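Numbers here simply count residues along the sequence, with the first being 1. All of these numbers come straight from a predicted model, not from anything done at the bench.
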Amino acid sequence: MIMANHTIMGGKVHVYKRGRSRYWQCSTYIAGKNRRVSTKQESLAQAKDFAQDWYLDLRGKNNRGELKSEKTFKQAAEQFLREYEVITEGQRHPGYVEGHERRLKLHLVPFFGDKGLSEITPGLVQEYRISRLNPDNKPIEKPFKQAVRQFEKEYGFRSNHRTDREAEARLEAVKKHIVPYFSDGVASIVTPKAIEKYRDHRISEIDQEPAIAAKIVDRELGALGEMLNWMKQRSRPPSKSTMHHEIVTLRQVIKTAIRHGWLEHLPDFSPPYRKAEKVAHRAWFSQEEYRKLYEASRARTQQFKGTARAWPNEQLHDYILFMANTGLRPDEANTLGFRDVEIVEDEGTGETILLISVRGKRGVGYCKSMANAVRPFERLLNRPRPASDDQTGDEDTETQSEEPGWLKPQPNDLVFPANHKKQFNAILEENDLKFDREGNRRTAYSLRHTYICFRLLEGADIYQIAKNCRTSVEMIEKYYASHIATTLDASAINVRRPKRRNQSKEDDSGKRPEA
């Protein structure tokens, strides 16, 4: 309830006080919208002075085109984040939702935040792409003081495990001590050697015991390290995939604005000057390379037999054989339990194979393995494992301080409880298999790609491969079938039209006349 009301500036500004408030408030109508703010003043005269300055500032912003009468991108982004996590709960991985929030906070909101939704045109999106790809925007090559200001604006020590007060304290320490020390050069001069000099300099400045002073300086250097990591990451040119994900997030925010009636239509955000992409394929192992890989893993099992590293190397060898004969994704194999695998006799082929219930990227599905996957699985099923299940698969020590108890796997146990990433990469490096001839990096996923390519080489039906690998025919045709020679049917390609007989040179009897 308004208790008192006064007008100034020819009736364009109202200064009023509500019943329970001790402060005066002011309001005006400008740029098609009612605007109001608290003056934070108890005196009427001071409140009128504040209202007059506030109104003139709004007029100036309106004349410069800075005053928006529509929703801004920042407001639409906040609405998108508020509803997206709730609506997609249980349907989207938390990391995917976090990716949207990270892209908005670090890149999209700093560029589009103050823009009205109608101002976000295809041309402005193209300017965003240029800005992201422009090497002049690298913080690591800017003056250190300017790079810190950009860091404060775009990131500022904000995180889920840190309060706003802690973030402000870290930023204040950087501005008070670190910026004056490094302000004369660019950010790239902050090398480990320069940081060590700063550490000695700061400890000598602090009038405390050396141990206490060292702790204070270490906290400051922790903030500096976090800031430098951001600068280095921000200075890398974004990949094609990164830019695609950022435009996807931008489009989702604009769609949110359309659903709420803040915008009428979705602009075209497709990149201009786009050309047809080259046919690419996933990294896989040829038959010779695959034989070289599993022979090398078998040799490692013999090399470390009877040592503490025997178990992880035996597991890795069976992991390679199992993955290359089932086509499972690495994340599907990581969650696979013994109760999900059944050894069966296949009626169609008469072979003993594995029937696998797969839970992963595409939900629950089924996979029928090759016959060569049965023997590795039987070894996994019968191989005792540490009772504590604390083996990581990347164990580098020759012996262990304590000999753990060993038990046979139970139905509820994981088939692959260990992480074999380090060992697998070591085998690839040792045998010059880490990269294929196109420079594609091979990982555990390459075993799945090898399975698909081998099936295509053997002439398997592409639709059945897609069903067994829980993917689409389109994906297989795009990334696999395009570079497999056996998918081309020479009999259908090398077709010749039959020669026509010359009827004019034939007599009535149908025979050619003699010369």
Side-chain angles (χ1 to χ4, degrees), residues 95 98-99 101-111 113 128 130-239 242-243 246 392 394 396-397 421-422 425-426 429 434 441:
E98 184 182 351
E101 184 176 1
R102 183 177 63 254
R103 288 186 283 272
L104 283 169
K105 181 173 66 176
L106 296 183
H107 305 297
L108 294 171
V109 169
F111 188 89
Y128 172 75
I130 295 173
S131 173
R132 289 283 285 123
L133 297 169
N134 190 351
D136 295 336
N137 291 334
K138 293 182 178 180
I140 203 70
E141 300 300 333
K142 292 182 179 179
F144 185 75
K145 187 180 294 185
Q146 185 178 350
V148 172
R149 285 199 298 267
Q150 183 177 353
F151 170 80
E152 179 184 3
K153 180 180 179 182
E154 295 188 18
Y155 191 76
F157 297 112
R158 294 185 292 270
S159 67
N160 294 330
H161 62 275
R162 186 179 297 141
T163 64
D164 292 340
R165 186 174 179 179
E166 290 172 337
E168 291 175 3
R170 292 170 74 89
L171 189 60
E172 186 65 27
V174 168
K175 290 182 178 179
K176 187 176 180 180
H177 304 293
I178 297 177
V179 170
Y181 185 86
F182 293 107
S183 61
D184 294 335
V186 296
S188 58
I189 68 168
V190 187
T191 60
K193 188 174 180 180
I195 292 174
E196 191 62 30
K197 288 183 178 180
Y198 168 79
R199 189 175 190 276
D200 296 337
H201 167 74
R202 274 290 290 144
I203 290 177
S204 64
E205 282 187 340
I206 300 175
D207 187 17
Q208 295 282 352
E209 295 181 6
I212 299 176
K215 288 184 179 180
I216 296 174
V217 177
D218 287 343
R219 283 198 297 267
E220 295 175 5
L221 293 180
L224 175 61
E226 185 176 346
M227 186 170 61
L228 289 176
N229 287 336
W230 176 88
M231 290 180 184
K232 292 175 183 178
Q233 183 179 6
R234 184 68 172 78
S235 298
R236 299 191 192 105
S239 65
T242 299
M243 290 299 302
E246 291 176 11
T392 64
D394 288 337
D396 290 331
T397 57
K421 181 177 179 181
K422 185 176 179 181
N425 284 328
E429 296 287 353
K434 185 60 180 175
R441 186 184 300 271

As an exercise, state the distance from [atom1] of [X] to [atom2] of [Y], rounded to the nearest 0.5 Å.
X      : Y      : atom1 : atom2 : result
Met243 : His107 : CE    : NE2   : 9.5 Å
Glu172 : Arg165 : CD    : CZ    : 13.0 Å
Ile189 : Phe144 : CD1   : CZ    : 8.5 Å
Trp230 : Gln150 : CH2   : CD    : 4.0 Å
Phe157 : Glu168 : CZ    : CD    : 12.0 Å
Ile140 : Gln233 : CD1   : CD    : 12.0 Å

Shortest non-hydrogen separation from [X] to [Y] and the atoms involved:
X      : Y      : value
Pro139 : Ala147 : O-CB, 3.5 Å
Phe111 : Ser131 : CE1-CB, 4.0 Å
Glu246 : Leu108 : O-CD1, 3.6 Å
Pro238 : Leu133 : CG-CD2, 3.8 Å
Glu141 : Ser188 : OE1-OG, 4.1 Å

message: If you apply the rule side-chain contact (heavy atoms from CB on, under 4.5 Å), what do you find for Ile178 with Val190, and how did you get there?
response: CA-CA 10 Å; Ile178 297 177; Val190 187; over 6 Å; no
task: Verify the neighbour count for atom NZ of Lys145: are there more than 12 heavy atoms of other residues, nucleotides or ligands below 6.0 Å?
output: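 Result for NZ/Lys145: open.
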- prompt: Around Glu205, counting heavy atoms of other residues, nucleotides and ligands shown, do more than 12 lie under 6.0 Å from its CD?
  reply: yes
field: Check against side-chain contact (heavy atoms from CB on, under 4.5 Å), Val148 and Phe182
entry: CA-CA 11 Å; Val148 172; Phe182 293 107; over 6 Å; no
Name each donor-acceptor pair under 3.5 Å that joins a side chain in residues 211-225 to protein atoms two or more places apart or in another chain, with its distance.
residue: Asp218; atom: OD1; partner: Arg199; partner atom: NE; Å: 3.2
residue: Asp218; atom: OD1; partner: Arg199; partner atom: NH2; Å: 3.3
residue: Glu220; atom: OE1; partner: Tyr198; partner atom: OH; Å: 2.8
residue: Glu220; atom: OE1; partner: Arg202; partner atom: NE; Å: 3.1
residue: Glu220; atom: OE2; partner: Arg202; partner atom: NH2; Å: 2.7

field: Main-chain N/O of Pro143 paired with Gln146 side-chain donor or acceptor, under 3.5 Å
entry: no
field: Pairing residues for Glu152 by the side chain to side chain donor-acceptor pair (under 3.5 Å) criterion, not counting sequence neighbours
entry: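 Once residues adjacent in sequence are excluded, the partners of Glu152 under the side chain to side chain donor-acceptor pair (under 3.5 Å) criterion are Lys175.
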Test item: Thr191 and Glu196 side chains (from C-beta on) under 4.5 Å apart, heavy atoms: no
